[in-house]
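The next block holds one structure in the form of structure tokens; read it before the comments.
Keep in mind it's a predicted model, so treat the numbers as computed, not measured. What you see below is based on every heavy atom in this structure, not just the backbone, and it leaves out hydrogens, waters and symmetry mates.
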Number of protein chains: 4
Amino acid sequence: MPRFQEKRELSINKLVEVALRLFASKGYEATSIRNIAGEAGMSLGLLYNYFKSKDELLEEIFRRSVEDIHASFVQSPEQGGSGIEQHIRQTVKLLKEKQDFWKLLHGIRIQSEVVRQLMTEMQEQTAYIEDRIRQNLIEAGIPFPDLEAKLLFASIDGMSSHFLLYDHYPIDDVASLLIMKYKK
Amino acid sequence: MPRFQEKRELSINKLVEVALRLFASKGYEATSIRNIAGEAGMSLGLLYNYFKSKDELLEEIFRRSVEDIHASFVQSPEQGGSGIEQHIRQTVKLLKEKQDFWKLLHGIRIQSEVVRQLMTEMQEQTAYIEDRIRQNLIEAGIPFPDLEAKLLFASIDGMSSHFLLYDHYPIDDVASLLIMKYKK
Amino acid sequence: MPRFQEKRELSINKLVEVALRLFASKGYEATSIRNIAGEAGMSLGLLYNYFKSKDELLEEIFRRSVEDIHASFVQSPEQGGSGIEQHIRQTVKLLKEKQDFWKLLHGIRIQSEVVRQLMTEMQEQTAYIEDRIRQNLIEAGIPFPDLEAKLLFASIDGMSSHFLLYDHYPIDDVASLLIMKYKK
Amino acid sequence: MPRFQEKRELSINKLVEVALRLFASKGYEATSIRNIAGEAGMSLGLLYNYFKSKDELLEEIFRRSVEDIHASFVQSPEQGGSGIEQHIRQTVKLLKEKQDFWKLLHGIRIQSEVVRQLMTEMQEQTAYIEDRIRQNLIEAGIPFPDLEAKLLFASIDGMSSHFLLYDHYPIDDVASLLIMKYKK
DNA sequence: AATGAATGAGACTTCATTCAT
DNA sequence: TATGAATGAAGTCTCATTCAT
């Protein structure tokens, strides 16, 4: 009987993985359910045994990714360096590990429509991140921490976009330069 | 010169305007040709008199927008301030004036697919902009101008994203802060 | 330009006619949109130019039929005979003329679900008919007109069902017998 | 005789009961096998252990219901009143007891298609009932017993329909009125 | 006996595009 | 120029049914 659970989870994981990859490379709207099921090596119908709709599949992808990212941020190992440095390094690390999710997110976040609900939740995450940045800036004794947090967050976001957009983007170097700016 | 041309241009302008608005708010894939023609107050057939396909309509939007932006950058009036300051101020100005185009662009640039051709052209624009930034940084005597250009470009891009994404984003303040960083 | 209107109405009429026939003989659920478009000699897509959904097609069928029936009842020509006699004769006449609609109605009215809205409107019609019957009974000086109206209405309805159900049902004879019962 | 048989019958009974309820309220076509198995608290596979198809499940429902009804009619306890009165009272009693089956039947009998076989069998039942009515009318010395049987049968059927269709339908009163009409 | 994973046909619907007028 | 009728492919989703366990 636990065999069912195993197969179930196997199929679900495969679907989530494939869907994330396709959504990332072609976009949510341009990716068909048929395409996903096909690439996952299963029938169209089976997908619908596990997900009530394309939307719900997207939601599951978000749920899992956000969870992973949150966990990763919370339990970030104490490396050397200032809070700001750690934050930026951790972000870059996550960016590399979860490229597909970031691509999906960047491709979907401006034209929500389908996913307004998801975006609302993302905003909370975003606010949390900006707040963390602000705390780090305060610790570092930077003036205007509110505005600086917005700027730093934007810089990190822009850097991430360009990394996803251009081949061979020297993200580590750019990140180092950014970190340097916040050292006294 | 006769009425034909006038009406023709009027219709085309209307279509480009409406399509840009819809693509910006709902995304390219999620916007239907019917929807565009309807909102523009004309028939499906007429739209196809002016544009051979949905793609071509998108291309025209890009052509016009890129042209406008380029013109605006080239003939930017000599205001006071450093080259960097002028560049940033000009970017913010354009961002506000052409929000819909930037939304469309941000929503489409990562998952090209349909528009790989357009993206190739955009890359040239992008390289040109990054180069301009680098020139300005060199003029200002900033070290590591190559890397600094990448970072500054990313910061401006990120700031723009957040402006498009969040209501009441204090873009002018963030821009001022960013400018300040590059003053000796 | 009025040519469009003509074609439009021609197509719509054809669709309504075919759909009514198929819904009547196979039932609403068991009749596919493809089937309807096919029998009407047009493409699937065209149907959706005129009707937003299968439901809406059903609604249009109801709208038209109810309208016809109402009109027919209101302007029933003054024949000889009591009000009751006229009512029954008129019902039988309509029953014969609109067999398909009655079949559809009888096959759908108990399991509403899809069409709860339609059924609510039908109830009003039903109440109106029962009231007319009651008025006639009162005129004829029949005691217990409320209950008698319910019984007579039920008898007419049952008679109609059997006419739709069985071949060669002697509806006119049964109707005559029923009429006879309400003659003093 | 062992446990197997017991559980088997328990499951089958549950399925028949649930299916009848759902078919009655939503219609045969609109009720899915999944829905039935779910409401019955068992798996899809198990349902298919007992019934080869959806059709067969419907057939079993009919078989059981017709059997029950026949039995009930045959062994109707000798109450007071004429044959006609007894018949009508017995019909009303059965109507109340087996509302779901009557709903199903009324919703399916006009658009047979799937169930032409079942309907053929039902016709025999129907003929039998009409014949019983005729016998009773003959006993009561009513003239034109053939036609009168058709009318009375239709009245009973119509009354039943309205009972199933409308809330708070005063079926007993209507039935009493009908009975009264056949008392000398 | 019992589960639910798995399938594929077919349902409804939308869409970009073409064409006669 | 201008209309919208017409098409057919493709999209999302549901369903009855089978099968390995």
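For C/Gln5 and F/dA2, the CD to C1' distance is 16 Å, given to the nearest whole Å. Protein atom CG of C/Leu57 is 15 Å distant from nucleotide atom C1' of E/dA11, rounded to whole Å. A/Lys26 places its NZ atom 12 Å from the C1' atom of F/dG11, with the value rounded to the nearest Å. A straight line from CG of D/Leu47 to P of F/dT18 spans 12 Å, rounded to a whole angstrom. Across the protein-nucleic acid pair, A/Tyr28 atom OH and F/dG11 atom P stand 14 Å apart, rounded to whole Å. Here the C1' atom of nucleotide F/dT17 and the CG atom of D/Leu46 are 15 Å apart, to the nearest Å. Whole-Å rounding puts the B/Lys54 NZ to E/dT18 C1' distance at 17 Å. Distance CE (A/Met42) to P (E/dG4): 18 Å, rounded to an integer number of Å.
Comparing A/Ser32 and B/Gly45 against DNA chain F, the residue whose closest nucleotide sits nearer the 5' end is B/Gly45.
Each of F/dT12, E/dC12, F/dA5 was ranked by its minimum atom distance to the side chain of A/Arg34; first place goes to F/dT12. Distances were taken from every side-chain heavy atom of A/Phe4 (C-beta onward) to each of F/dT3, F/dT17, E/dA5; the shortest belongs to E/dA5. For A/Tyr48, whose side chain is taken as the heavy atoms from C-beta onward, the closest listed nucleotide among E/dA16, F/dT12, F/dG4 is F/dT12.
An OP1 or OP2 oxygen of F/dT1 is reached within less than 4.0 angstrom by no side-chain nitrogen or oxygen of B/Lys7. Proximity of C/Arg8 to the phosphate of F/dA5: a side-chain N or O atom is located under 4.0 Å from OP1 or OP2. Phosphate proximity of F/dT18 to D/Lys52: absent, as no side-chain N or O sits under 4.0 Å from OP1 or OP2. A close approach under 4.0 Å does not occur between any side-chain nitrogen or oxygen of C/Ser11 and OP1 or OP2 of F/dA5.
The only member of A/Arg34, A/Arg21, A/Lys26 that meets salt bridge (Lys or Arg N to Asp or Glu O under 4.0 Å) when paired with A/Glu39 is A/Arg21. Test A/Asp55, A/Ile61, A/Leu57 against A/Tyr28 for side chain to side chain contact (heavy atoms under 4.5 Å, CB included) and you get one pass: A/Asp55. When each of A/Ile108, A/Leu164, A/Leu165 is paired with A/Lys103, the side chain to side chain contact (heavy atoms under 4.5 Å, CB included) condition holds for A/Leu164 and for no other.
At a cut-off of 3.5 angstrom, counting only N and O atoms as typed in the model, there is no donor on one side facing an acceptor on the other between the side-chain of D/Asn49 and the base of E/dA1.
The pair C/Glu60-C/Arg63 meets the salt-bridge criterion, with a side-chain N (NZ, NE, NH1 or NH2) lying under 4.0 Å from an Asp/Glu carboxylate O.
Within the shown strands, E/dG10 is the pairing partner of F/dC13 under the Watson-Crick or G-U definition, both distances less than 3.5 Å. A 3.5 Å limit on both hydrogen-bonding distances identifies F/dA2 as the Watson-Crick or G-U partner of E/dT21.
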For B/Leu15 and B/Met42, run side chain to side chain contact (heavy atoms under 4.5 Å, CB included): C-alpha distance rounded to whole Å, both residues' side-chain angles, the deciding distance at 0.1 Å, then the answer. CA-CA 9 Å; B/Leu15 283 170; B/Met42 65 187 72; 3.7 Å; yes

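Note on A/Tyr50: only backbone sugar-phosphate atoms sit closer than 4.0 angstrom, heavy atoms only; bases stay farther off. Within 4.0 Å of B/Leu44, counting heavy atoms only, lies at least one base atom of the nucleic acid. A/Ser43 comes within contact range of at least one nucleobase, with a heavy-atom separation under 4.0 Å.
Considering all non-hydrogen atoms of both residues, B/Phe62 and B/Leu104 come closest at CE1-CD2, 4.1 Å.
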